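We use all heavy atoms of the structure for the numbers below, so side chains are in, but hydrogens, waters and symmetry mates are not. Remember, predicted model here, so these are calculated numbers, not experimental data. In what follows, chains are A, B, ... by sequence order, proteins preceding strands, each numbered from 1.
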There are 2 protein chains.
Amino acid sequence: MNIGDAAASSGVSAKMIRHYESIGLLSAARSANGYRVYAERDVAVLRFIRHARDLGFPLEDVRRLLGLWHDRQRASAEVKKLALAHVAALETKARSLDAMAASLRHLAANCHGDGRPDCPILDDLARKE
Amino acid sequence: MNIGDAAASSGVSAKMIRHYESIGLLSAARSANGYRVYAERDVAVLRFIRHARDLGFPLEDVRRLLGLWHDRQRASAEVKKLALAHVAALETKARSLDAMAASLRHLAANCHGDGRPDCPILDDLARKE
DNA sequence: GTGGGGCCTCCCATGATGGGAAGGTCAAGC
DNA sequence: GCTTGACCTTCCCATCATGGGAGGCCCCAC
């Protein structure tokens, strides 16, 4: 299987497959012509990476998760710990964005939003602090 | 006022002040020795930028906001429109993070988290899809 | 006049992804 | 057999906002 097929059946772009290889998440055999060759096992790894990325795990976490996945002796506690730390990070980030949205929504609510130039939003951005 | 003082009183790092200048958000006079020179007016602009960044506006939005701020004839409607579009983007992003967190939290809840190797989190990441 | 701190420019790095150029390879159709 | 087009290769560049650091100039206080 060449990289294009691996990309199609894993949902990871060929570009990213090469990138993941370059940072050592993956390795690929090469055929005589220099093309990367993939087996089903590799496609499974790529899908794993994609799923982890879909959950927002940074690639360094993905690297650790792959290590834990490949280690059949790992304790599930390690995986859970990593996952919950990531959940906390996601929620912290989400709360931060919500706070920004709420502040801005409040400012916007006090803005006429008509043809007049007065604008509490700009006034707030221009505040001396 | 040199860049260090402008940084201290605006809360924007000297590094970022130079960067903002390089992308045209700001301009600075130069003294005979080549040092950038800032007036209170410039510090106000820097604070404006910082506040907008604190609300998560990307620099391209900041550029537009600065334009609207400098234009005393602008209609507040334009500012409000920009602000609400950004609020929507922030909320979309926050909901996306929350969805990831909820999925992962659900998986983690079903993971023993003890010394055993079984782990629904890894099973899910390894699913064929 | 020397030392230290501030300033200058320029390059590099982050994290994940994509775009694109220049060139090699292969298979199908004529 | 030769062309064509699709695929593959590597390498460089861009994004977005920010920081680190090197090498070198400038200025003030001691």
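Remark: P of dC16(D) and NZ of Lys93(B) are 15 Å apart, rounded to the nearest angstrom. Taking atom CD1 of Ile49(B) as the reference point, atom P of dT18(D) lies 10 Å away to the nearest angstrom. One interatomic measurement links the two molecules: CD1 of Ile3(B) to P of dG6(C), which rounds to 13 Å at whole-angstrom precision. One atom, NZ of Lys15(A), and another, C1' of dC7(D), lie 14 Å apart when rounded to the nearest Å. Atom CG in Asp5(A) sits about 12 Å away from atom C1' in dA6(D), given to the nearest Å. Separating the OH atom of Tyr35(A) from the C1' atom of dT10(D) is a distance of 13 Å, rounded to the nearest angstrom. Rounded to whole angstrom, the span from the CG atom of Asn33(B) across to the P atom of dC28(D) amounts to 9 Å. The CE atom of Met1(A) sits 16 Å away from the C1' atom of dC8(D) (whole-angstrom rounding).
Side-chain N or O atoms of His86(B) include one that pairs as donor or acceptor with a backbone N or O of Gly56(B) at under 3.5 Å.
A pairwise comparison of heavy atoms in Asn33(B) and Ser31(B) identifies OD1-OG, 2.6 Å as the closest pair. Here the closest non-hydrogen pair linking Ser10(A) and Ile17(A) is OG-CD1, 4.5 Å.
Interatomic distance, OG of Ser103(A) versus CE of Met100(A), reported as 9.0 Å (0.5 Å rounding).
Proximity of residues 18-30 of chain B to DNA chain D (heavy atom under 4.0 angstrom from any strand atom) is restricted to His19(B), Tyr20(B).
Here side-chain hydrogen bond (donor to acceptor under 3.5 Å, both in side chains) pairs that include residues 35-50 of chain B, with residues two or more places apart or in two chains, are Glu21(B)-Arg36(B).
Ion pairing between a basic and an acidic side chain is recognised when a charged N comes within 4.0 Å of a carboxylate O; Glu91(A) and Arg105(B) show such pairing. Salt bridge Arg63(B)/Glu60(B): present, at least one basic N to carboxylate O contact under 4.0 Å.
Dashed line: the shortest gap from a side-chain N or O of Ser13(B) to OP1 or OP2 of dT18(D) is not under 4.0 Å. A close approach under 4.0 Å does occur between a side-chain nitrogen or oxygen of Arg36(B) and OP1 or OP2 of dT9(C).
Nearest-nucleotide assignment on DNA chain D puts the 5′-proximal partner with Tyr38(A), out of Tyr38(A) and Pro58(B).
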